[in-house]
Amino acid sequence: MKITKAVIPAAGLGTRVLPATKSMPKEMLPIVDKPAIQYIVEEAVQSGITDILIIANRGKGLIEDHFDRAPELEQKLTGSADKQAILEEVISISRLANIYFVRQKETKGLGHAVSCARSFVGQEPFAVLYGDDVIIGDDPACGQLIRAYEEFGKGVLGVKQVSPEAITKYSSLKVDPIRGPYFHCTDMIEKPSPDQILSLYSVLGRCVLTPEIFDILDRTPPGAAGEIQLTDAMRSLARSSGMIAVDFSGTRYDMGNKLGILQATVEVALQHPQVGDDFRRYLKQLAQNL
Ligand code: UTP
């Protein structure tokens, strides 16, 4: 079955980026001139997704407004001869996909957020793109996972290796190589203690799930940090039917922590057609004085 639906959980409290996220979702933090969530929606659309459900809570209005038309702004830009390109860009954001919203009424974890997508998803496989993980590359990461689903017919995890020091803050997967970037995954654990590490491969920001995940999520008790963890539900799936892990290509930026936001800003700014050259010169100058 062709995958056309995606879910973007964006209802976390973003406590690692306070106070910026006190009243604004971290998913709206900009990388140069675009909010993180727009990069994610664009990746989904480039991967063949037509319908997107954003799980939000406070600050929902900001995200909703960003993907809506903005008549006053558009009228103002229409009147300026030199603003036609940005006018078209502003309008095109509202046409990217069919975007729906649902509120996660209590912040009970990523697994709980995904379970809010049950009626949107119905009986189809669907992609999940974590709202604070921006992945930039020539081949959209979500599309790489969808191709793996089409080949293997199982749930798919977007993975990367992380450092031994970092793995205890992420998930750790039991994997066996298939070929190239593809692995079988038969077990996983969220935030492992050093003696529980299964490998340095961790789920980073993308997966493709089958609708059976919803019944599993309903039975999943709170785990690490007292939250309903998506990893715990996916572990049941991995242990019973197996999942496929894809070591995706592309650079992943964690917009949920301060260093990740700075890395994304600097790297995207260096490639930016309007400010890239000036910014490179500025950085070189700055580096001489460090
Ligand atoms: P994180 O665990 O990184 O988000 O969740 P957080 O809870 O905001 O992080 P802290 O407070 O800085 O530690 C990964 C993704 O899942 C969403 C987040 O918005 C983020 O995009 N999420 C998390 C939800 O939608 N609901 C939740 O209850 C928790």
Side-chain angles (χ1 to χ4, degrees), residues 6-31 35-41 43-44 52-64 66-67 99-118 120-121 126-135 141-142 157-160 162 166-172 188-192 202-207 209 213-214 217-218 220-234 252-264:
V7 174
I8 303 180
L13 295 177
T15 55
R16 286 165 295 158
V17 205
L18 282 169
T21 48
K22 186 179 171 195
S23 62
M24 180 173 72
K26 61 182 161 181
E27 292 77 9
M28 283 300 289
L29 291 170
I31 306 178
I37 197 161
Q38 188 183 331
Y39 288 88
I40 296 171
V41 166
E43 177 197 325
I52 297 173
L53 179 70
I54 297 178
I55 318 275
N57 60 6
R58 84 265 172 271
K60 176 176 182 260
L62 279 183
I63 303 181
E64 227 169 316
H66 186 72
F67 291 102
I99 301 184
Y100 306 86
F101 293 85
V102 70
R103 219 169 246 238
Q104 184 189 14
K105 296 194 181 74
E106 287 174 273
T107 314
K108 291 205 235 165
L110 178 58
H112 179 255
V114 170
S115 71
C116 299
R118 187 175 200 139
F120 166 79
V121 164
F126 63 104
V128 180
L129 298 92
Y130 303 6
D132 58 354
D133 275 316
V134 171
I135 302 174
C142 177
L157 306 156
V159 304
K160 287 252 179 228
V162 301
I167 192 84
T168 52
K169 292 190 215 116
Y170 290 83
S171 56
S172 168
M188 68 185 84
I189 180 164
E190 181 68 22
K191 300 193 175 49
S202 186
V203 181
L204 292 186
R206 302 289 180 268
C207 49
L209 297 170
I213 197 74
F214 294 113
L217 279 167
D218 284 349
T220 302
E227 296 188 335
I228 298 176
Q229 296 288 348
L230 183 60
T231 307
D232 292 343
M234 293 195 299
R252 174 226 175 217
Y253 300 103
D254 182 358
M255 294 296 288
N257 80 62
K258 292 170 195 169
L259 187 62
I261 296 168
L262 291 170
Q263 286 164 335

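Numbering starts at 1 and runs along the sequence shown. Because the structure is predicted, anything quoted here is derived from the model rather than measured. All ligand and atom numbering here is 1-based and tracks the order in the structure.
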Exercise for the section: State the atoms of ligand 1, each with its element, that fall below the 4.0 Å cut-off from a heavy-atom position in Q104. Expected result: 24 (C), 25 (O), 26 (N), 27 (C), 28 (O)

Problem - Shortest non-hydrogen contact from T220 toward A233 - result: OG1-CB, 3.8 Å

Practice task
Answer with yes or no whether L13 contacts ligand 1, where contact means a heavy atom under 4.0 Å from a ligand atom.
Solution key: yes

Handout entry: OG on S171 to CG on L230, rounded to 0.5 Å
Key = 9.5 Å

Problem - Contact (N/O only, under 3.5 Å) between E106 and ligand 1 - result: no

Handout entry: Member of I31, I261, L129, D254 meeting the side-chain contact (heavy atoms from CB on, under 4.5 Å) criterion with V134
Key = I31

Exercise for the section: Give the numbers and elements of all ligand 1 atoms closer than 4.0 Å to a heavy atom of A113. Expected result: 24 (C), 25 (O), 26 (N)

Problem - Sub-4.0 Å heavy-atom contact, E27 with ligand 1 - result: yes

Exercise for the section: Would you check the N or O atoms of G256, main chain and side chain alike, for any that come under 3.5 Å of an N or O of ligand 1? Expected result: no

Exercise for the section: Return the residue, atom name and 0.1 Å-rounded distance of the protein heavy atom closest to atom 22 (N) of ligand 1. Expected result: G12 N, 3.5 Å

Practice task
Report yes or no: does N57 contribute a side-chain atom to a donor-acceptor pair with the main-chain N or O of A11 at less than 3.5 Å?
Solution key: yes

Practice task
Quick one: closest heavy-atom pair of I55 and C116, and the distance?
Solution key: CD1-CB, 4.1 Å

Exercise for the section: Measure the spacing between CZ of R252 and CG of L204 and express it to the nearest 0.5 Å. Expected result: 4.5 Å

Exercise for the section: Mark up the atoms of ligand 1 that fall under 4.0 Å of a heavy atom belonging to T107, in ascending order. Expected result: 27 (C), 28 (O)

Handout entry: Which atom of E27 lies closest to which atom of G131, heavy atoms considered
Key = CG-O, 3.1 Å

Practice task
Please confirm whether the backbone N or O of V162 pairs with a side-chain atom of S202, one donor and one acceptor, at under 3.5 Å?
Solution key: no

Handout entry: Heavy atom of the protein closest to atom 13 (O) of ligand 1 (residue, atom name, distance)
Key = R16 NE, 3.1 Å

Practice task
Measure K26 to ligand 1 on non-hydrogen atoms and call it side chain, backbone, both or neither using the 4.0 Å cut-off.
Solution key: side chain

Exercise for the section: Working to the nearest 0.5 Å, report the span between CD of E43 and CD1 of I8. Expected result: 9.0 Å

Fill in the blank from the handout: Nearest non-hydrogen protein atom to atom 16 (O) of ligand 1, with distance, is L110 CD1, 3.3 Å

Completion exercise
The reported gap from CZ in F101 to CD1 in I54 (rounded to nearest 0.5 angstrom) is 4.0 Å

Exercise for the section: Please say whether I55 places an N or O atom under 3.5 Å from an N or O atom belonging to ligand 1. Expected result: no

Exercise for the section: Taking atom 2 (O) of ligand 1 as the reference point, report whether a protein heavy atom occurs under 4.0 Å from it. Expected result: no

Completion exercise
The atoms of ligand 1 lying under 4.0 Å from a heavy atom of G131, numbered in the order shown, are 21 (O)

Completion exercise
Nearest heavy-atom approach of G223 to D232 is CA-OD2, 3.8 Å

Exercise for the section: Select the closest option to atom 15 (C) of ligand 1 among D132, T15, T21, judged by heavy-atom distance. Expected result: D132

Practice task
Could you tell me which atoms of ligand 1, counted from 1 in the order shown, lie closer than 4.0 angstrom to a heavy atom of G14?
Solution key: 6 (P), 8 (O), 11 (O), 12 (O)

Practice task
Determine whether any heavy atom of K108 lies closer than 4.0 Å to an atom of ligand 1.
Solution key: yes

Handout entry: Contact (N/O only, under 3.5 Å) between A11 and ligand 1
Key = yes

Completion exercise
Here the pair of heavy atoms bringing D133 nearest to R206 is O-NH2, 2.7 Å

Problem - For G109, atoms of ligand 1 separated by under 4.0 Å from a heavy atom - result: 26 (N), 27 (C), 28 (O), 29 (C)

